[in-house]
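Below is one structure, written out as structure tokens, with a few remarks after it.
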Amino acid sequence: MEHQRRSKISDLLKSKEYGKEVLVKGWVRTRRGNKNVNFIALNDGSVVHHIQVVAEVANFDENLLKLVTTGSCLAVKGVLVESQGQGQNVEIQAREIEVYGSADAETYPLQKKGHTLEFLREIAHLRPRTNTFGAVLRIRHAMAYAIHKYFNDQGFFYIHAPIITGSDAEGAGAMFRVTTLDAGNPPRLPGGEIDYAQDFFGKETNLTVSGQLEAELAAMALSLVYTFGPTFRAENSNTPRHLAEFWMIEPEMAFYDINDNMDLAEEFLKYLMQYALDHCYDDLEFLNKMYDNELIDRLKGVIGSSFERLTYTKAVEILMASGQTWEYPVSWGADLQAEHERYLVEKHFGKPVILTDYPKDIKAFYMKQNTDGKTVRGMDVLFPKIGEIIGGSQREENLDALMNRIHEMNIPEKDVWWYLDTRKFGTTPHAGFGLGFERLILFVTGMANIRDVIPFPRTPKNAEF
Ligand code: ATP
Ligand code: MN
């Protein structure tokens, strides 16, 4: 086949250049037809829709057409013509077909439509070839891009927090150890404990659970910063909303209090929903039709609503007066579960909710302490279907208050000396939050399980691919 520039199917489907000779490349979704003519649905991942390739059987070698199976990869040269068929404007009258790679009909796992999402997880190496995962992956890309664009436009700087960390003070969850010691025979101290001084970094190290503490250091110099990177939690929680490896976006802002922080979180989330509607409409329409027919309305609903803001204490009163029976009982001081969060959002208020001023005992050491001695200036943003999508707070900028809390929580000062230094030298009020990227993608795609919004999910007992 003579060299020519490949057209993307997304461009051709919008084109009106009938009669033009084009070259397309992609994977066959279906081939049907009769002894005279074959119709090949070809997809190159640029868009959820396929382009129809029409091949007159008489013009092609019989053995070549046999290789055009579901899952095979082709280059097709032909003429773009107006389509008579329903649901498409254009199709390609094939002149030349080159088969890059056939796919054996007996063993290619994606033969028919309508595989379950559970089955597709077992073939995560091939599921990007389905309409569903194509749509999810394109939306995921668009959201990552929109996040960088939003912050860049607002004058934030992107900070790369370390992935291997020597601090385990964050307390956000159990950590994965990073070591090069021989697991079967580690060096030991006279008392029998493992001698981490002999480990790669000369100390215990782990995969990070959050880039926040490092982001705070940067905010104390650049004012407005954010991180966007992978985070790891070795929690054994097998839920549809938890991964062991997930991506987190953590803006951190000097001179912000909790109200500024809430304003930013709300504006940011609405910007992302609007971006998805503006740039991913085909994919959203597909997901809306196939999985969740309230998806697009829900996105528009969030954009049009003003998030309800109330304290944790008030929320607990509402939950206790609700007359609901809970799997986990509600009482002041207990952490809220997804069932409580979703009741507030979906049943009580009917819109996103931001809860503030949580009991200090269920929150991290760095949150700004209120004068009541019981609560801290934390804020969680709760979304329909998801529950917590963002967790954040104003930070404790006062050195004495922070030291007291560290001692109360038995955090060794030597582990956080560098963090404390920011409160010694030029401290200032500041605030920030963490948005779980996959929770965002769950919401924007309407998918029900977090394993279906990341290419290769890591969960307890599962690290295939
Ligand atoms: P949850 O209570 O839902 O377990 P968390 O309070 O432990 O979450 P934070 O430490 O506040 O979570 O993390 C900030 C954000 O990161 C959360 O609001 C959520 O969007 C996301 N997140 C937290 N843990 C996970 C996880 N295991 N998998 C995916 N996203 C997560
Ligand atoms: Mn949280």
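Remember, it's 1-based here, ligands and their atoms both numbered in the order they're listed. Computed from heavy atoms alone, side chains included, the values below leave out hydrogens, waters and symmetry copies.
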Short list, please: which atoms of ligand 1 are under 4.0 Å from a heavy atom of [X]?
X	result
Ile450	29 (C)
Gly436	15 (C), 16 (O), 20 (O), 21 (C)
Ile390	18 (O)
Arg241	28 (N), 29 (C)

key: Contact (N/O only, under 3.5 Å) between Leu243 and ligand 1   = yes
inquiry  = For ligand 1 and Ile389, I'd like to know whether there is a polar contact (N/O to N/O, distance under 3.5 Å).
reply    = yes
Heavy-atom side-chain proximity of Asp380 to Leu336 below 4.5 angstrom = no
key: Electrostatic pair Asp44:Arg6 at N-O distance under 4.0 angstrom   = yes
For the pair [X] and [Y], name the ring-plane relationship: parallel under 30°, tilted 30 to 60°, perpendicular over 60°.
X	Y	value
Phe443	Phe383	perpendicular
Tyr158	His160	tilted
Phe456	Phe465	tilted

remark   = Residue set satisfying side-chain contact (heavy atoms from CB on, under 4.5 Å) with Met367, at least two apart, ordered chain then number -> Lys363, Val376, Ser393
inquiry  = With a heavy-atom distance limit of 4.0 Å, tell me whether Arg439 approaches ligand 1 through its side chain, its backbone, both, or neither.
reply    = side chain
ask   = Where on Glu438 is there a heavy atom closer than 4.0 Å to ligand 1, on the side chain, on the backbone, on both, or on neither?
value = neither
ask   = Counting heavy atoms only, which of Glu250, Arg233, Glu245, Lys363 is nearest atom 9 (P) of ligand 1?
value = Arg233
request  = Compute the centroid of each ring, for Phe365 and then for Tyr419, and state whether the two points are separated by less than 6.0 Å.
outcome  = yes
